[in-house]
Amino acid sequence: AQSVTQLGSHVSVSEGALVLLRCNYSSSVPPYLFWYVQYPNQGLQLLLKYTSAATLVKGINGFEAEFKKSETSFHLTKPSAHMSDAAEYFCAVITNSGGYQKVTFGTGTKLQVIP
Amino acid sequence: DAGVIQSPRHEVTEMGQEVTLRCKPISGHDYLFWYRQTMMRGLELLIYFNNNVPIDDSGMPEDRFSAKMPNASFSTLKIQPSEPRDSAVYFCASSRSGQETQYFGPGTPLLVL
């Protein structure tokens, strides 16, 4: 069965520190992987996506993620946290099997940035 | 482009009442998704459409929920009768294809008293 696991529902970092949000997935077919960000009282916005091209994907706001097939991971990183990064982050996997799309979102990780 | 448009902006209703949520996807997008978000269950995919046809409704919680897409520019999610446990934020999203980026609407917070 397809699944997404985000380790840590809450992560706190100091401003300027490294941000690391973890995402592991399982799927029986090659996945498309996404990271979305949700600011309070808003819908989700795309940060970045992996669609079988380069394994290191760069997104908006200085975020990047690396697809590691052997580890079934797609962790999100940012070298230096900014106060404006405080939000909830969702990892998602989409697969296509027999013409049907299977969409699975993780449970989300709330990022707190401490001044 | 105006993005995905959802209405109403918020909804408060009493248990037993019918609730209709509306969504206008981005023009040219062939896929439309309905999600529900709660603190307890996170973000859940309820149903998605491809070219106005429902493809996967396995996430619809029960028969009280129904969704339609009469044309490429409009979809509804209906709850009849509504119950307090239906309280959540309901999001609509659209994408060009099944593997492409989904663009989310602002959501409709629903409170059933």
Side-chain angles (χ1 to χ4, degrees), chain A residues 1-10 23 25 27 29-53 57-60 63 65 67 74 87-110, chain B residues 1-10 21 23-26 29-51 53-60 88-111:
Chain A
Q2 181 171 302
S3 67
V4 176
T5 301
Q6 291 185 238
L7 290 176
S9 58
H10 290 80
C23 173
Y25 70 93
S27 69
V29 297
Y32 294 84
L33 296 161
F34 301 79
W35 275 101
Y36 286 85
V37 60
Q38 185 180 30
Y39 298 102
N41 302 315
Q42 295 186 26
L44 279 68
Q45 305 170 35
L46 180 72
L47 266 182
L48 50 80
K49 63 181 178 183
Y50 167 77
T51 55
S52 75
V57 182
K58 295 186 183 299
I60 62 171
F63 284 93
F67 171 63
F74 191 57
E88 189 161 18
Y89 293 80
F90 292 88
C91 181
V93 58
I94 298 179
T95 57
N96 186 334
S97 179
Y100 287 88
Q101 271 71 39
K102 179 75 173 174
V103 181
T104 306
F105 276 80
T107 51
T109 297
K110 286 187 177 177
Chain B
D1 200 319
V4 175
I5 299 172
Q6 291 187 246
S7 64
R9 295 186 65 177
H10 51 82
L21 309 179
C23 176
K24 176 179 169 57
I26 293 173
H29 283 191
D30 292 335
Y31 282 76
L32 184 142
F33 304 81
W34 280 103
Y35 291 90
R36 176 173 70 175
Q37 186 178 35
T38 62
M39 290 289 290
M40 293 297 294
R41 294 187 298 270
L43 192 67
E44 304 171 275
L45 175 63
L46 300 177
I47 185 172
Y48 79 87
F49 295 82
N50 178 20
N51 291 322
V53 176
I55 302 300
D56 184 358
D57 65 355
S58 60
M60 296 285 262
V89 181
Y90 290 81
F91 289 100
C92 176
S94 70
S95 65
R96 290 187 190 280
S97 73
Q99 295 86 30
E100 287 293 322
T101 302
Q102 293 184 25
Y103 293 84
F104 282 74
T108 296
L110 169 65
L111 178 61

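In what follows, chains are A, B, ... by sequence order, proteins preceding strands, each numbered from 1. Note that the structure is a prediction, hence the values are computed from the model and not measured.
With values rounded to the nearest 0.5 angstrom, B:Phe104 atom CZ is found 5.5 Å from A:Tyr36 atom OH. The CG atom of A:Asn41 sits 11.5 Å away from the NE2 atom of B:His10 when rounded to the nearest 0.5 Å. In this structure, A:Ile94 CD1 and B:Ser95 OG are separated by 7.0 Å, a value rounded to the nearest 0.5 Å.
Neither the backbone nor the side chain of B:Glu44 comes within contact range of chain A, judged by heavy atoms closer than 4.5 Å. Proximity to chain A is absent for every atom of B:Gln6, based on heavy atoms less than 4.5 angstrom apart. Proximity to chain A (any heavy atom under 4.5 Å) is shown, for B:Tyr103, by neither the backbone nor the side chain. Of the two parts of A:Gln38, only the side chain, counted from C-beta on, holds a non-hydrogen atom closer than 4.5 Å to a non-hydrogen atom of chain B. Using a 4.5 Å cut-off between heavy atoms, B:Ile55 touches chain A through backbone and side chain atoms alike.
Between the side chains of A:Gln101 and B:Tyr31, at least one donor-acceptor pair of N or O atoms lies under 3.5 Å.
Residues B:Leu43 and A:Phe90 share a closest heavy-atom pair of CB-CE2, 4.5 Å.
No other option in B:Gly98, B:Ser97, B:Ser58 has as many heavy-atom pairs under 4.5 Å with chain A as B:Gly98.
Looking at B:Phe91, B:Tyr35, B:Phe33 one by one, the single match for ring pair (Phe, Tyr, Trp, His ring centres under 6.0 Å) with A:Phe105 turns out to be B:Tyr35.
Residues B:Thr101 and A:Lys49 form a side-chain contact, since some pair of their non-hydrogen atoms from C-beta on lies under 4.5 Å apart.
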- Item | Steps toward side chain to side chain contact (heavy atoms under 4.5 Å, CB included) verdict (B:Gln102, A:Phe34) | CA-CA 10 Å; B:Gln102 293 184 25; A:Phe34 301 79; over 6 Å; no
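A donor-acceptor pair is defined here as one N or O able to donate and one able to accept, closer than 3.5 Å; no such pair exists between the side chain of B:Tyr48 and the backbone of A:Val103.
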